[in-house]
Amino acid sequence: MKLPRTTLILILLALGLGGFVYFYEIRGATQREEIKEQKQKIFSFAEDDVQSLTVKTKKITLSLERNPESSSNPKWLIKSPISGPANDAIVSYLMDLLVKGNSDRTVSTPPKELKEFALDQPQATINITLKNRQSHQLILGKSNFNGRLLYAQADPATKPDGNINVLLVSTDFANAVNRELSEWKQPVDNSQKLPGLSTPLPTPTNSK
């Protein structure tokens, strides 16, 4: 039996609408949920849990330790390659990224492919030791194709299928660690100095 043209059009529209509902609402919702799950925190520890940090770049290897005098400043001390108070603002910037930073997405790749992400010779490696003696590691590779994210590994481990997870993280991590040693040191208080003078001005005394 030949269907009227109007009826045929209505059937085709219904099929098209059903396909749209399936792909967008059902299948699309699943995909969106997968993407949402991929954007997750890199680490689960809190800032107060961290006891020490070691930052290794192509220029320096820096060891930082929490100041045992918790009520005093600075909160962090440089242990090597020099000894002295650390720049709390610089360390806090890095700590904030480690504690709150998210992975934009994860790529599963064979270990032999790590060189494609510059993770075989990383630009920086951050080792974290917690107060409970647990340790974590973040390895930073090169930027992705548009320069907006960095390839990275967090606590590298081989999965049962033999692959390794490569994360995409903020380029802020590179900005946080690729610094000169002088930037990591606590800045000198210049409040008592005038331009051109290398020593503080003497404190004025009342003359009698």
Requested in this report: Take E65 and Q51 through the test side-chain contact (heavy atoms from CB on, under 4.5 Å) and record every step on the way to the result.
Outcome: CA-CA 6 Å; E65 191 170 296; Q51 177 61 32; 3.9 Å; yes

Requested in this report: Under the side-chain contact (heavy atoms from CB on, under 4.5 Å) rule, what do L168 and Y151 come out as? Steps first, then yes or no, please.
Outcome: CA-CA 5 Å; L168 278 159; Y151 293 111; 3.5 Å; yes

Report task. Mind running side-chain contact (heavy atoms from CB on, under 4.5 Å) on L64 and I78 for me, showing each step along the way? Result -> CA-CA 5 Å; L64 298 160; I78 301 175; 3.8 Å; yes

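Contact of the Q137 side chain with the Q153 side chain is not registered, since no non-hydrogen atoms from C-beta on lie closer than 4.5 Å. Using a 4.5 Å heavy-atom threshold, the side chains of L77 and P68 count as touching. Under the 4.5 Å side-chain criterion, counting only non-hydrogen atoms from C-beta, R179 is in contact with I90.
Of all non-hydrogen atoms in P74 and N67, the two that sit nearest each other are O-ND2, 2.7 Å.
Annotation: the span from N102 atom CG to L167 atom CG amounts to 11.0 Å, rounded to 0.5 Å. Interatomic distance, OG of S143 versus CD of Q123, reported as 7.0 Å (0.5 Å rounding). Atoms NZ and CG, on K185 and L62 in that order, are 11.5 Å from each other to the nearest 0.5 Å.
Among residues two or more places apart in sequence or in another chain, the side-chain contact (heavy atoms from CB on, under 4.5 Å) test is passed with L130 by F45, D49, V50, I128, N132, Q134, H136. In terms of the side-chain contact (heavy atoms from CB on, under 4.5 Å) criterion, residue partners of A152 (sequence neighbours excluded) are, by chain and number, L138, L140, V169. For L94, the side-chain contact (heavy atoms from CB on, under 4.5 Å) partners two or more places apart in sequence, or in a different chain, are L53, V55, L98, I126, A176, V177, W184.
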What side-chain donor-acceptor pairs closer than 3.5 Å can you find for residues 107-122, not counting sequence neighbours?
unit_1: S108; atom_1: OG; unit_2: K159; atom_2: NZ; d: 2.9
unit_1: S108; atom_1: OG; unit_2: N163; atom_2: ND2; d: 3.4

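One hydrophobic cluster, built from ILVMFWY side chains closer than 4.5 Å, cannot hold both F43 and I164; they sit in different ones.
Counting only residues at least two apart or on different chains, the side chain to side chain donor-acceptor pair (under 3.5 Å) pairs with a member in residues 77-87 are S63-S80. Listed by first then second residue, pairs satisfying ring pair (Phe, Tyr, Trp, His ring centres under 6.0 Å) with a partner in residues 84-112 number zero, not counting sequence neighbours.
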